[in-house]
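These notes concern the structure reproduced below.
Nothing here was measured: the structure is a model prediction, and the numbers come from that model. Values below: every heavy atom of this structure, side chains too, minus hydrogens, waters and symmetry copies. Positions are given from 1 along the sequence.
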Amino acid sequence: MQKKSLEKAIKNLEKIIFQMENEELSIPECLWLYTKGMRLVRFCNQELDKKEEELERRKAEI
């Protein structure tokens, strides 16, 4: 996966959710969007974990 910002990944997830809720999609299209969305969710979780670790590290320094 190319380098992304957390904010951009969240916006892409929002677009995917909108598409899946509001457009007439074929099953292959739904599966493709679902897979793409799950990759973005994993990326977001990893980024949030990194941010949480950084916050904990900074709190320990205070």
> How many angstroms lie between CG in Leu6 and CG in Asn45, if you round to the nearest 0.5 Å?
Replying inline: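 Here the rounded value is 9.5 Å.
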
> When rounded to the nearest 0.5 angstrom, what is the spacing between CZ in Arg39 and SG in Cys44?
Replying inline: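 Interatomic distance, Arg39 CZ to Cys44 SG, rounded to 0.5 Å: 14.0 Å.
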
>> Glu14: which residues meet the side-chain contact (heavy atoms from CB on, under 4.5 Å) condition with it, sequence neighbours left out?
In response: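 Glu14: side-chain contact (heavy atoms from CB on, under 4.5 Å) contacts with Ile10, Lys11.
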
>> Side-chain heavy atoms under 4.5 Å apart, restricted to Ile/Leu/Val/Met/Phe/Trp/Tyr: what other residues fall into the cluster of Ile17, or is it alone?
In response: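 Via sub-4.5 Å side-chain contacts, Ile17 links to none.
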
> If every non-hydrogen atom of Ala9 is compared with every non-hydrogen atom of Phe43, which pair is closest and at what distance?
Replying inline: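 So the two residues come closest at CB-CD2, 3.6 Å.
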
> Looking at Gly37 and Leu13, what are the two nearest heavy atoms and their distance?
Replying inline: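 Between these two residues, the closest heavy atoms are O-CD2, 3.4 Å.
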
Side-chain donor-acceptor pairs of residues 22-34 under 3.5 Å, sequence neighbours excluded:
from: Asn22; atom 1: ND2; to: Phe18; atom 2: O; distance (Å): 3.0
from: Ser26; atom 1: OG; to: Glu29; atom 2: N; distance (Å): 3.2
from: Ser26; atom 1: OG; to: Glu29; atom 2: OE1; distance (Å): 3.2
from: Glu29; atom 1: OE1; to: Ser26; atom 2: N; distance (Å): 2.7

Under 3.5 Å, side-chain donor or acceptor atoms of residues 48-62 against the rest of the protein: list the pairs with distances, not counting sequence neighbours.
from: Lys50; atom 1: NZ; to: Glu47; atom 2: OE2; distance (Å): 3.1
from: Glu54; atom 1: OE2; to: Arg58; atom 2: NH2; distance (Å): 2.9

